[in-house]
Each structure stands twice: as C-alpha cells, then as structure tokens.
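This report refers to the structure that appears directly beneath it.
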Amino acid sequence: MARPIISKIKPFDANKEYEVSLSWDGNRATANRIIIYDYDTNRTVFDDTVSTYLLKHTIPANTLANGKKYIMQAQTYDARSAPSALSDKVLFYTFETPDFYFENIPENSLVENASFAASIHYYSPDWEDIGKYIFYLYDASKKKLFQSGELTDDDIRYNYKGLDNNTVYYIRCMGVTVNGMELDTGYIEITVRFENPNQYARVYATPIPSQGCIQVASNLVIIQYNGTDSFTYTDGMIDLRDKTLYYDKGFLIRDDFTVLIRGIHLWQNADIFKMSNNSLGLTLSSRIYHNGQLRFRLLVPNGAGSYLLYSEPLVFENEDMVTICVRRKQNVYQLKVFIEPGFSTEGDMWYGIERPDKNLIRNNDTWINTMGDTHIVRKEEYHVFPEHAEPLNIMLNDLWLGGE
C-alpha cells in the first residue's frame, strides 16, 4: 500500500509555527494527518488532520517543547476518506532559535579603517553547537562582492580587509548548527570612512646608496618602569589593584597622540591614568554616581582654567573588558569608551564529551560529564590529580586526569 513521504525536517524553534511538506503518489489527497511522538517516552503529543488539497501541514507555535527529539508519521486521505498507510517514521529536533548577530558593530555603523574584524555573538539555550558558517560582503545595492570559505571555529570571527574609503557596504553571516538549524544575521550596513595617514608609520626605511644599505628606524620606544613594587601577570594582563605603575623617563610626546587604556576591574572611584611633563598634563579618572552609573572623566589643565570631558553614563560588570581611548589632535581632546561584556580570560578549562558554549564559561569553567549534566568548576577551588591511579582523598570539585 502506498505511503506518503515526509520531506526532510530541519531543526526548528517550537515557539514558532512550522510547516511540514509531504509527497504522495496515489489518488489525489483531500486531507492529511500528522502524528508526533515524544522520542523518549513514545507518547503521542500531537495528532492532527486537516482538509486540504495541499500536501502541507502546519504545526502551531508552542505545540512542542524546545530542546527535545520527536518522531513524526503522516498519512493522506482521498475523496472517499480512504486513508493511506502511515509513512515511515522521521526523527527531528526542536531548538530555541540561537542568538546570532554581529556583536561589535561600531557606533553609527562607522568603520574608521580599511579593515574590520567582525565578531559574531552566538548563544544557544539548548547547547546546540554551531557547525559551519560563511561571512559575506555586499556593495550598497546588496550585490555580493565576496564570501569567505566555510569556517568552523568556535570563535566566530572574520577580518574584512581592503575596504574602500567613503564607501557603504553590507556585511552578513550565515551559518548552520550541527543538527541543521539555519542561522542568518541579515544584511548589516556599515560605512567606511577613515583618514589616510601621511606622516605616521611604525617603521621607516631610508636607502643609503653610498653604503649599499638601508637604514631602518622606528617610532616605537622601549621604556622601563622606575619603582620598587613587584607585579604579577595573569592571562597576559598586569595586576595593578592597590598598586601604581609609573614611568618617568624614556619618551616625550610633543604633538598629537592617541592613548588606549584597556583593563578589567574598572568599576571604581579612582584616578586611573596620569600623564604630564613640566608644563602640561592630563588625568583620567572614574566616578560611580548614586543612580548606579559610572562616568570616566578627562581633566586637562589649560592655563587659568581646565579642559574637562566626561564619557557617556555607563553600566557594566567589573569583569567586563573596558577600553578607554584618549586622543589629542591640534589641542582638541576626545574621550571614547568601549565595553566588551563578559570578558573571558585565557586558560579556561573544560572536560567532557563536548565543548561548552562560550557564554556558559565566561564566569566559570564548565565541565560537562558523559551523562550530559553540567557541573561548575571554579579554578580556585579544585585540585588536579594527574596520577594514573585514582586518588583516595578528594573533594567534590577535584579533577582526576589519570586513568585509562
């Protein structure tokens, strides 16, 4: 007896309606029926018949639950209401739609360089890993100019290079999860506008024909710390809490400049950075207000008065990475602050059958055991036993790395 065939079902969000397509080689169908079973219990969770000549059937939103596996069967009915045999069973998954968007689009979508290191925020509440993705670049009319190859790294980044000045582009990223759910950021407009440097260069090369050589010079200056404090370095960062790091010789800034101060644990009332010579100087500080917001303040003495700039009101976590940009151009100062939420230091560890989503290990290391349970493991609270034999005296969060 003929059976209908259920077209491939890609993972979908059960919070939204989903249309199932069927194919059928028999008397014209006037109705069709789908039956959905819970994979784990085999219990029927949806049994619905619709009268239609179309070989389609809609699963209403919120009929199923996300993060689960289901089995579906279908059958058709002809004009005399004679049913066909049930189709073969088809397995499918439901997942909540993951977050998938560009997380570092600059203010006003203005890119001030000929390159842009795009970063995608991806988070699946159901721990559905991303499988592969492709970055695209389009012109102002959305004509495709370029696409990357298929990428699979967990850190979803791509560096757009060779962007033309004073040009509007669209960028886009499309991907698919390991179980086939499709992802799309949509078209994101950016405008590229930058100043072409005419004097600045990191390395200067000057040919000397009479000596048959090239003289190479750099504007990079190596400066030494002058003090007695000792400092520790963790994950590539110097720990300056309750300490002061200062330099008093080795370089002099005479003209325009840009200074970047980058760090974490900056939610505080404090002077953060000072710079001065015999006559001029500046102080960068921070203040937390009663409304729970923080502003960074740039104070520049200017004769009888002072040049004072404030950042916009900010709210961020103490573990967030903060980049403060101080720029002087022709004695006009600018202050700009960038926040990278949920900064994750290097060296996080995980153990188990699959890598955790990066959003789940921002604040804690995460261990996923072979049963799928999640255990939080904080680096400062465990001991590691690398021996082959199982240790005798262990605590709840200790990790044994030996064994077969």
Side-chain angles (χ1 to χ4, degrees), residues 11 95-107 109 111-138 146-163 169-188 190 192 233-237 260 262-265 316-323 337-368 372 374-379:
F95 298 114
E96 185 173 339
T97 303
D99 295 335
F100 188 75
Y101 56 84
F102 288 96
E103 62 182 354
N104 64 331
I105 299 299
E107 185 176 0
S109 301
V111 175
E112 298 179 322
N113 291 285
S115 64
F116 176 56
S119 177
I120 294 291
H121 173 89
Y122 175 76
Y123 173 63
S124 168
D126 300 306
W127 290 44
E128 168 75 346
D129 286 338
I130 191 166
K132 56 187 177 182
Y133 50 90
I134 298 175
F135 284 88
Y136 298 87
L137 179 68
Y138 304 84
F146 172 81
Q147 73 177 61
S148 69
E150 286 189 355
L151 305 173
T152 58
D153 193 86
D154 289 337
D155 193 10
I156 312 174
R157 296 175 180 270
Y158 187 78
N159 192 17
Y160 290 95
K161 299 179 181 179
L163 303 176
Y169 293 99
Y170 286 92
I171 58 176
R172 185 184 188 184
C173 185
M174 299 178 68
V176 61
T177 67
V178 291
N179 285 304
M181 177 175 268
E182 296 179 346
L183 307 166
D184 189 351
T185 63
Y187 295 92
I188 305 300
I190 61 172
V192 179
Y233 295 84
T234 304
D235 297 319
M237 296 185 291
L260 297 178
R262 180 175 167 86
I264 58 177
H265 300 292
F316 56 89
E317 299 295 331
N318 209 24
E319 292 76 19
D320 292 344
M321 176 61 74
V322 180
T323 301
V337 182
F338 304 90
I339 307 296
E340 298 176 40
F343 175 75
S344 178
T345 58
E346 299 175 2
D348 286 342
M349 294 184 293
W350 58 275
Y351 301 89
I353 59 174
E354 63 178 311
R355 181 179 178 83
D357 186 278
K358 64 181 180 180
N359 290 276
L360 298 174
I361 58 175
R362 278 180 169 171
N363 298 321
N364 301 289
D365 294 328
T366 306
W367 173 34
I368 309 172
T374 304
H375 300 275
I376 300 301
V377 182
R378 298 176 178 86
K379 290 192 289 288

Report the C-alpha separation of Phe146 and Tyr169 in whole Å, then their side-chain angles, then the decisive distance to 0.1 Å, and conclude whether the side-chain contact (heavy atoms from CB on, under 4.5 Å) test is met. CA-CA 11 Å; Phe146 172 81; Tyr169 293 99; over 6 Å; no

Please report the C-alpha distance between Ile264 and Glu319 in whole Å, then the side-chain angles of each, then the deciding distance to 0.1 Å, and finally whether the side-chain contact (heavy atoms from CB on, under 4.5 Å) criterion is met. CA-CA 6 Å; Ile264 58 177; Glu319 292 76 19; 5.9 Å; no

As a quick check of understanding, evaluate side-chain contact (heavy atoms from CB on, under 4.5 Å) for Tyr101 and Ile188, giving each step before the final call. CA-CA 10 Å; Tyr101 56 84; Ile188 305 300; over 6 Å; no

Let's go through Val176 and Tyr133 carefully: what are the C-alpha distance in whole Å and the side-chain angles of both, what is the deciding distance for side-chain contact (heavy atoms from CB on, under 4.5 Å) to 0.1 Å, and is it a yes or a no? CA-CA 6 Å; Val176 61; Tyr133 50 90; over 6 Å; no

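To the nearest 0.5 Å, the span separating CG on Asp126 from CG on Asn179 amounts to 10.5 Å. Note that CE of Met321 and CZ of Phe316 are 11.5 Å apart. Values are rounded to the nearest 0.5 Å. The distance from atom CG of Asp154 to atom CD1 of Ile156, rounded to the nearest 0.5 Å, is 8.0 Å. Atoms OH and OH, on Tyr138 and Tyr170 in that order, are 12.0 Å from each other to the nearest 0.5 Å. The OG atom of Ser115 lies 7.0 Å from the CG atom of Leu163; values are rounded to the nearest 0.5 Å.
In Gln147, the CD atom is crowded: over 12 heavy atoms of neighbouring residues, nucleotides or ligands sit closer than 6.0 Å.
Across every non-hydrogen atom of Pro11 and Gly180, the tightest pair is CD-C, 3.6 Å. Between Cys173 and Phe100 the shortest heavy-atom distance is O-CE2, 3.3 Å. Closest of all the heavy-atom pairs between Tyr158 and Ser148 is CE1-CB, 3.6 Å. Of all heavy-atom pairs spanning Tyr160 and Arg172, the tightest one is OH-O, 3.6 Å. Between Tyr122 and Leu183, the shortest heavy-atom distance links the atoms CE1-CD1, 3.7 Å. In this structure, Glu340 and Thr323 approach most closely via the heavy-atom pair OE2-OG1, 4.1 Å.
Residues Ile134 and Met174 form no side-chain contact, since every pair of their non-hydrogen atoms from C-beta on lies 4.5 Å or further apart. With contacts defined as side-chain heavy-atom distances shorter than 4.5 Å, the pair Ser124/Asp129 does not qualify. Here the side chains of Ile171 and Thr185 are not in contact, with every heavy-atom distance at 4.5 Å or above. Counting only heavy atoms from C-beta outward, the side chains of Asn104 and Phe116 approach each other to under 4.5 Å.
With hydrogens and angles ignored, the 3.5 Å screen pairs a side-chain donor or acceptor of Asp153 with a backbone N or O of Asp155. The backbone N or O of Gly186 sits less than 3.5 Å from a side-chain atom of Asp184, completing a donor-acceptor pair.
Tested against Thr177 for a side chain to side chain donor-acceptor pair (under 3.5 Å), the candidates Glu128, Lys132, Glu182 yield a single pass: Glu128.
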